[in-house]
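A short write-up of the structure that comes next.
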Amino acid sequence: MERLHRAATERSPHLDFDFPNRCLRIEGESYPEDAAAFYGPVLKALETFLCSPDPLPPESPLVLDLRLSYFNSSSAKALMNIFQMLELAASRGLSTRINWHYHPEDDAMLEFGEDFREDFRFADFHLCEVETDLAG
Amino acid sequence: MRYARVHFGRFLHGLHFMSMTAESLAFHQQLQARGVIFSFVGYLSEGILYSLGEALKQKMSLEATDANVIKRVFSVFVEQAQNIIRYSADRVAGELDRPVELSSGLVVVGREEGRFSVVCANIVAHTEVGRLRERLEQLAAMDADELKSHYREKLREPSEADSRGGSIGLIEIARRSSAPIEFGFIELDAERTYFCLKAYI
């Protein structure tokens with residue numbers, strides 16, 4: 001499965017879904033003009049990847065790193081969809097880890113992280129405090 | 001005689017510019033007295049939203065506003081402006097070199113007694129009013145914990161077919177506000193209603 005890469009724009013995040021290495025990243029700010037148009041193909045690719053026969057050994061974990069400084073409500077909806085897909089895959093035995101990076105002084109991002117974390121039972125969801133500025 | 005006429009014409013012309021400038025100054029001062037940081041009336045696009053948002057963040061940063069407050073104001077501003085772009089009934093859309101969507105509305109960000117305020121207004125179809133009013137009344141009556149769990153609930157629901165994210169956007173506005181959201185409707189004619197929403201941060 002090919003790597004999916006989107007360079008950051010003014011209102012959309014840097015997105016790098018390196019499927020061959022099971023390494024997924026979303027970084028920056030997310031309030032695109034049309035969240036469905038931006039995240040639609042991403043969700044589709046992730047779904048295809050999670051459903052396809054896997055060339056990597058099953059013990060190799062899938063890692064999603066999120067370093068977001070701001071996202072709007074339609075992006076939150078898309079993130080929720082990504083998390084639900086990963087949790088489902090984890091419940092079926094795929095080792096999955098999600099790292100939610102947030103600045104210690106960013107109340108909203110910490111609260112969102114704590115909120116999202118409550119939905120995970122099979123995937124590991126980690127809140128990672130980082131001192132560096134996450135501004136996109 | 002001829003000279004006098006030209007001279008008088010210039011004089012009138014000058015008067016006209018003076019009254020135009022005086023009017024502009026009065027309007028400007030009136031807005032400033034109300035603590036307006038910026039006000040925009042007209043066709044709003046995503047590009048304008050981005051530029052206004054950047055200027056707003058910079059202005060607040062220069063005034064050493066708390067970083068979390070900047071984020072809350074910015075978030076309310078983005079959701080309000082995107083609601084205008086998506087839901088204003090007074091709009092033009094089409095294809096130039098790419099799809100273009102321009103929606104008419106008003107956005108005013110201000111500072112009143114130590115609080116920030118974001119006001120947005122646009123025209124909605126009369127048929128939308130009932131549902132919108134009900135949703136806003138429900139949100140205005142909720143406390144912070146209720147808003148948080150309502151947001152959680154909505155985030156986990158499958159999207160409504162006709163929604164472009166507006167319902168969760170309103171919850172986000174209410175959630176980032178430090179006081180209950182204020183809103184109102186004025187009927188313009190049989191089909192159109194003026195809708196205004198104000199949030200304090």
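All figures in this text were calculated on a predicted structure; none of them were measured in a lab. Chain identifiers are assigned alphabetically (A, B, ...) following the order of the sequence lines, protein sequences preceding nucleic acid strands; residue numbering begins at 1 within each chain.
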Evaluate whether atom [atom1] of [X] has more than 12 neighbouring non-hydrogen atoms of other residues, nucleotides or ligands under 6.0 angstrom away.
X         : atom1 : answer
Phe38(B)  : CZ    : yes
Glu111(A) : CD    : yes
Glu23(B)  : CD    : no
Glu54(B)  : CD    : yes
Glu113(B) : CD    : no

Aromatic contact, Phe77(B) with Tyr31(A) (centres under 6.0 Å): no
Between [X] and [Y], what is the shortest heavy-atom contact and its length?
X         : Y         : value
Lys71(B)  : Asp106(A) : NZ-OD2, 2.6 Å
Arg156(B) : Gln84(A)  : O-NE2, 4.1 Å
Arg176(B) : Ala108(A) : NH1-CB, 4.3 Å

Asp34(A)/Arg86(B) salt bridge by N-O under 4.0 Å criterion: no
Charged N-O contact under 4.0 Å between Glu29(A) and Lys57(B): yes
Pairwise distance [atom1]([X]) to [atom2]([Y]) - rounded to 0.5 angstrom:
X         : Y         : atom1 : atom2 : value
Leu49(B)  : Glu33(A)  : CG    : CD    : 9.5 Å
Phe112(A) : Arg152(B) : CZ    : CZ    : 11.5 Å
Leu155(B) : Asp115(A) : CG    : CG    : 8.0 Å

Within residues 3-16 of chain A, residues adjacent to chain B where the heavy-atom gap is under 4.5 Å: Glu10(A), Arg11(A)
Check: Asn72(A) side chain, Ser75(B) main-chain N or O, donor-acceptor pair, under 3.5 Å: no
Option passing side-chain hydrogen bond (donor to acceptor under 3.5 Å, both in side chains) with Ser73(A) (candidates Glu79(B), Lys154(B), Arg175(B)): Glu79(B)
